[in-house]
2 protein chains.
Amino acid sequence: MSLRVLGVDPGSIKSGYGLIEESQNKLRTLDFGAIYTHPKDPFPVRLLEIKRGLEQVITCYQPEVMALEDVFFAKNVKSALKLGHARGVILVTAVEAGLEVVEYAPLEIKQAVVGYGRADKHQIQQMVKILLGLRDIPQPEDAADALAVAICHIHSAEMKRRLMNL
Amino acid sequence: MSLRVLGVDPGSIKSGYGLIEESQNKLRTLDFGAIYTHPKDPFPVRLLEIKRGLEQVITCYQPEVMALEDVFFAKNVKSALKLGHARGVILVTAVEAGLEVVEYAPLEIKQAVVGYGRADKHQIQQMVKILLGLRDIPQPEDAADALAVAICHIHSAEMKRRLMNL
C-alpha cells in the first residue's frame with residue numbers, strides 16, 4: 001500500500017509544493033517546486049494562476065492528501081488578508097479535486113521532521129534533504145517547507161497506523 | 001444595452017449576494033440572498049460550499065461583472081485570515097467563470113449609494129431599498145450590503161460612460 005502526499009506552502013506571490021510517496025516505509029520524492037504568479041496581473045487573476053498551477057500538479061501526480069501548515073499568525077492584518085486569499089484558493093482547489101486536506105501546527109512539523117519543536121528554518125531544510133536523500137536543499141525554500149509538511153503527514157499517518165495496531 | 005452586476009459581501013459563515021440589471025438607466029433587482037456554509041463542516045469543505053453556491057448564482061443569472069468592497073482592515077489577524085480565505089474563493093470563482101472583477105473602497109460605495117461618504121450602515125440599507133424600489137430593506141443585511149456594491153458599480157460605470165461621451 002502506498003500513500004501520495006502533496007505538501008503545500010501557500011503564498012500570493014509564490015506557493016511551494018512538494019510531492020512524496022510513501023511505500024513500505026520508504027519515502028520517494030516525486031516532484032517539488034513553486035507555483036509563481038505574474039506580479040503584473042490583477043490580484044484576482046493571480047489567484048486563478050495559483051488554482052490552475054495546483055490543478056496541474058494534482059492532475060499529474062494524483063495525490064490522496066494535501067498537507068499544509070496551519071496558520072494563526074501573520075505580520076499584520078494586510079499580510080493576513082493576502083495570505084488568506086491564496087490559502088483559501090489552495091484549500092478549495094484541493095477539496096474540489098477530492099483530496100483530503102490536513103493541517104499541522106508549526107510545532108508538529110518541526111517535531112516530525114527534526115524531532116525538536118524549536119528547530120529553525122535551516123535545520124528543517126537540512127533534515128528534509130537528508131530524509132528524502134536529496135543532494136541539495138530543495139529550492140526554492142517554499143518547496144522545502146512544502147516537503148517538510150508532507151513528511152510530517154506521512155510520519156503522523158504512520159504513527160496512527162501503529163497505534164491502531166497495538 | 002443592459003448590464004448585469006453581481007454584488008458580493010464575502011464572509012466565511014455567510015456571504016451576501018445581490019444581482020442588479022441596469023437597462024436604459026433603470027435598475028432592476030433580479031435576486032438577492034446569502035450563501036450559507038454548514039458550521040459543522042470542516043473549514044476547507046465550507047470554502048467549497050461558498051464556491052458551489054456562487055457558481056449556482058452565476059450560472060443562473062450570467063452577470064458580466066462581480067463587484068465587491070475592497071478590504072484593507074479587519075478586527076484582528078485571525079479574522080483577516082478567515083475573511084481572506086472566503087474572499088479568495090469568491091474572487092477565483094468569479095474570474096474562473098469569466099466575470100470581470102471590480103473592487104470599491106467603502107467610501108466610494110457610500111458616496112455612490114447615499115451621496116455622503118460618512119453614511120452609516122442603516123442609511124445605506126435604506127437607500128438600497130429606495131433606489132431599487134423594494135418594499136423592505138433586503139435581508140439578510142449581507143445581501144443589502146452586496147446590493148449596495150452592485151449599485152455603486154452601476155453608478156460608476158454610468159459615470160465613466162458619460163465622461164467618455166463628453
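Convention: sequence-line order gives letters A, B, ...; per-chain numbering from 1. All heavy atoms count here, side chains included; hydrogens, waters and symmetry mates do not.
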Would a single hydrophobic cluster contain both [Y] and [X], if residues Ile, Leu, Val, Met, Phe, Trp and Tyr are joined by side-chain heavy-atom contacts under 4.5 Å?
| X | Y | value |
| --- | --- | --- |
| A/Val5 | A/Ile124 | yes |
| A/Met66 | A/Val149 | no |
| A/Tyr17 | A/Ile151 | no |

Among A/His85, A/Lys78, A/Lys51, residue most engaged with chain B (heavy-atom pairs, under 4.5 Å):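 So the answer, after comparing A/His85, A/Lys78, A/Lys51, is A/His85.
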Choice from A/Ala80, A/Ser12, A/Ser79 maximising heavy atom contacts with chain B below 4.5 Å: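 Counting heavy-atom pairs under 4.5 Å, the top option is A/Ala80.
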Nearest-0.5 Å distance that lies between atom [atom1] in [X] and atom [atom2] in [Y]:
| X | Y | atom1 | atom2 | result |
| --- | --- | --- | --- | --- |
| A/Asn76 | B/Asn76 | CG | CG | 12.5 Å |
| B/Leu47 | A/Ile90 | CG | CD1 | 12.0 Å |
| A/Leu81 | B/Lys82 | CG | NZ | 14.5 Å |

Counting heavy atoms not belonging to [X], are there more than 12 under 6.0 Å from its [atom1]?
| X | atom1 | value |
| --- | --- | --- |
| B/Leu107 | CG | yes |
| A/Gln56 | CD | no |
| A/Leu3 | CG | yes |
| A/Glu64 | CD | yes |

Test applied, side chain to side chain contact (heavy atoms under 4.5 Å, CB included); reference residue, B/Pro44; option that passes from A/Leu68, A/Val95, A/Val92: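 When A/Leu68, A/Val95, A/Val92 are each tested with B/Pro44, the side chain to side chain contact (heavy atoms under 4.5 Å, CB included) holds only for A/Val95.
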Segment of B/Arg46 engaging chain A (4.5 angstrom heavy-atom cut-off):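 Neither the backbone nor the side chain of B/Arg46 comes within 4.5 Å of chain A.
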Residue among B/Ala86, B/Gly88, B/Pro42 with most heavy-atom pairs under 4.5 Å to chain A: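 Between B/Ala86, B/Gly88, B/Pro42, the count favours B/Gly88.
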Segment of A/Val77 engaging chain B (4.5 angstrom heavy-atom cut-off):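 Contact with chain B: backbone and side chain both.
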